[in-house]
Amino acid sequence: MPTVEGCLELRHQTRHHGVAGAQRESPRTLMANYTKRASASLLGALCAVAVVVGLLPAAAQQDPNPVMITVEGGGWGHGVGMSQYGAFGRAARGDSHADILDFYYPGSNLTTVEDFDDIRIHIHSAQGTVINPVNAPSGSAADDNEIVDGDVHHIFEHRNGTPLTVDKNRGGFSITRPNSSGTRNLCIDDEGDDRCRVDELRFRFQQGNPIHVDAINRVSIGTDGNAYQWGELVVSERAQAPNKTLWVVLEGLTLDQYIYGLAEVPSSWPSATLQAQSVAARTYGYDRATTRRATSNWEWPWDLYSTVNDQVYHGLSKEIGEFGPAWVAAVDATSNQVLLYDGDPITAFYSSSNGGWTEESGYVFVTQLPYLPAKRDNRDSYQNPYATWRRDYTGDEVGRWFTNSSVGGVGMVTDVIVSGNIGESGRVDRATVTVIGLNGTLEGSGNTFRNVINAGVAREGGGLSRQVLSTNDTVSVWGAEDPVGALEKGHRRKSA
């Protein structure tokens, strides 16, 4: 049976770096040519036999040397559409925001649309929420922090810096404020009537009188601890189990006000990068909001999430933080600009970086869109700490992570084979990953392999430095006798 020294280790793609200006084949073509050459060798035949008969040599089980699984890759994120580091690199060489957008979304048109002035953003779902005016000045106007019901009936005013705690109760809400004797429910008026037996509460505030919002026992995705100065905060009953919980939504923002609070790129980056990001983010939000409102099965009382489910929204801190004015200026410079294709807003996907190649939307997200192709991106590596990376795991670690996952266990992992449907950029989202261990074999997608590893790393306290950052990666296995070593579909290399 061939050993690691005899069989070339699995490598599903080649790196895309090399001499500038050299003639270059696509990763898929390179893989196919390499496979043909490798399969012609006697070693390839021996390894292929091992695959067919499913042999698992005893030596592999008894080898005292640890099996090491190396994942090498490039970029961080899905790699579809705009690379934020690539936009940084293009701005650094003098490209305008229009140039950047044209490269990443070819065929789309930069257009100014009529303002969309009632964006609704899901902040969090929780058992309760704490709302506190931020630096509320003494003697503020009475309506600066007014609380009304869904029919805009006045309930009461709140102008000081004391936090209010909002909870759900039968038939309505309670709003409590600490006092010298404990807490007071502000919903109960002087006659003992409950003013909060309503469907929703609306907290009205104005620019310059922001509010700070925290969740109490958040029960689903959402954000905590941010401040906001645009729109109105709406608290309503969460319409599914568990009962007696809340939805907290920010309503009534314009598109630009929404973009002011997005924390997607550092505000210190070049203005052309910030402008390109503001247009891509505005287009993404515009597309999501209009599509969801036109969809009959969208039942939620918001248009956009404040998390990576859509875009990361931090509100006031983005506007007033270090270099915040530069970000606001970029938003204003591109006010109401979006990207359209055939008259409709595009789905403006973007990610941190792509490792040197963008990927087709159809490979990563099923639907193939003409303005989201696979193409070489030679500016993605500019000042990019995630342009290339390497992660090393033991066979025991990967085996343990699979055992603790919903995928299933194979014992200590002794080999990993990537084959089949590899993307034009070399990504392995839909490739078949065969994981071979002392106790069996499993097959899954490249996405599954990455998710199992990252979940295992996180569960054991590991951070970003141990996670697989993208599916633009290669896998090599070192240190044990190779129990399979197939050359049918993937690149393998000799061990050092």
Side-chain angles (χ1 to χ4, degrees), residues 75 77-88 90-91 95-121 253-260 262 264-265 272-295 298 303-305 307-313 330-331 333-354 357-377 379-380 423-425 427 429:
H78 52 67
V80 176
M82 186 175 73
S83 159
Q84 292 167 318
Y85 273 100
F88 183 14
R90 291 175 187 281
D95 288 8
S96 69
H97 82 285
D99 295 330
I100 295 169
L101 295 168
D102 184 61
F103 175 81
Y104 288 110
Y105 308 106
S108 63
N109 298 307
L110 187 60
T111 309
T112 299
V113 296
E114 185 177 347
D115 196 13
F116 196 156
D117 62 2
D118 59 346
I119 292 290
R120 304 170 300 173
I121 307 167
L253 284 75
T254 68
L255 272 173
D256 286 352
Q257 289 169 348
Y258 166 59
I259 303 303
Y260 287 154
L262 288 185
E264 288 286 353
V265 293
T273 307
L274 302 183
Q275 290 173 19
Q277 177 65 62
S278 69
V279 173
R282 187 183 294 110
T283 304
Y284 186 93
Y286 183 56
D287 173 59
R288 277 288 190 265
T290 54
T291 298
R292 285 169 175 165
R293 291 187 181 192
T295 302
W298 182 259
D303 304 308
L304 297 161
Y305 292 95
T307 66
V308 292
N309 291 69
D310 283 321
Q311 302 180 108
V312 178
Y313 181 77
V331 177
T334 62
S335 180
N336 292 330
Q337 289 184 7
V338 298
L339 294 166
L340 303 182
Y341 188 89
D342 285 345
D344 295 321
I346 72 168
T347 304
F349 288 120
Y350 57 87
S351 61
S352 174
S353 63
N354 56 41
W357 286 77
T358 66
E359 182 54 86
E360 294 178 341
S361 61
Y363 182 75
V364 177
F365 297 119
V366 181
T367 302
Q368 183 57 48
L369 300 170
Y371 48 81
L372 294 173
K375 60 193 300 188
R376 176 70 180 270
D377 183 3
R379 299 300 293 174
D380 179 77
E424 288 295 328
S425 70
R427 290 177 176 268
D429 300 65

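Considering only heavy atoms from C-beta on, I346 stays 4.5 Å or farther from L369 through its side chain. In this structure the side chain of L255 never reaches within 4.5 angstrom of the side chain of E114, judged on heavy atoms. Between R292 and L304 the shortest side-chain heavy-atom distance falls below 4.5 Å. At least one side-chain heavy atom of R282 sits under 4.5 Å from a side-chain heavy atom of Q337. Between L110 and L339 the shortest side-chain heavy-atom distance falls below 4.5 Å. Residues W357 and D377 form no side-chain contact, since every pair of their non-hydrogen atoms from C-beta on lies 4.5 Å or further apart. For the pair Y350/Q311, a side-chain contact is recorded, criterion being any heavy-atom separation below 4.5 Å from C-beta on.
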- Message: Let's go through R293 and D303 carefully: what are the C-alpha distance in whole Å and the side-chain angles of both, what is the deciding distance for side-chain contact (heavy atoms from CB on, under 4.5 Å) to 0.1 Å, and is it a yes or a no?
- Response: CA-CA 7 Å; R293 291 187 181 192; D303 304 308; 2.6 Å; yes
- Task: Using the side-chain contact (heavy atoms from CB on, under 4.5 Å) rule, take Y284 and L262 through it: C-alpha gap first, then chi angles, then the decisive distance, then the call.
- Result: CA-CA 12 Å; Y284 186 93; L262 288 185; over 6 Å; no
- Please report the C-alpha distance between D256 and T254 in whole Å, then the side-chain angles of each, then the deciding distance to 0.1 Å, and finally whether the side chain to side chain donor-acceptor pair (under 3.5 Å) criterion is met. CA-CA 5 Å; D256 286 352; T254 68; 5.6 Å; no
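Side-chain atoms of Y371 come within 3.5 Å of backbone atoms of T347 as a donor-acceptor pair (strictly under, hydrogens ignored). Here the side chain of Y260 pairs no donor or acceptor atom with the backbone of V331 at under 3.5 angstrom. Remark: the backbone N or O of D99 is not paired with any side-chain donor or acceptor of D102 at under 3.5 angstrom. T307 contributes no side-chain N or O that, together with a main-chain N or O of Y305, makes up a donor-acceptor pair within less than 3.5 Å. Put simply, the side chain of E424 never gets that close to the backbone of K375: no donor and acceptor are under 3.5 Å apart. Under a 3.5 Å cut-off, the side chain of S83 and the backbone N or O of G79 do not form any donor-acceptor pair. In terms of modelled atom types and a separation under 3.5 Å, the side chain of Y105 and the main chain of F349 share a donor-acceptor contact. Side-chain atoms of S425 do not come within 3.5 Å of backbone N or O of A374 as any donor-acceptor pair. T291 contributes no side-chain N or O that, together with a main-chain N or O of R288, makes up a donor-acceptor pair within less than 3.5 Å. Without hydrogens or angle criteria, T358 side chain to P373 main chain gives a donor-acceptor distance under 3.5 Å.
Scored by the side chain to side chain donor-acceptor pair (under 3.5 Å) test, T283 finds no partners at all (sequence neighbours excluded). Listed by chain and number, the residues in a side chain to side chain donor-acceptor pair (under 3.5 Å) with Y286 amount to none (sequence neighbours excluded). Checked against side chain to side chain donor-acceptor pair (under 3.5 Å), T273 has no partners two or more places apart in sequence or in another chain.
To the nearest 0.5 angstrom, F88 atom CZ is 9.5 Å from L274 atom CG.
Looking at Q84 and Q277, their side chains do bring a donor and an acceptor atom within 3.5 Å of each other.
The cationic atom of R90 (NZ for Lys, CZ for Arg) lies less than 6.0 Å from the six-membered ring centre of F103 and within 45° of the ring axis.
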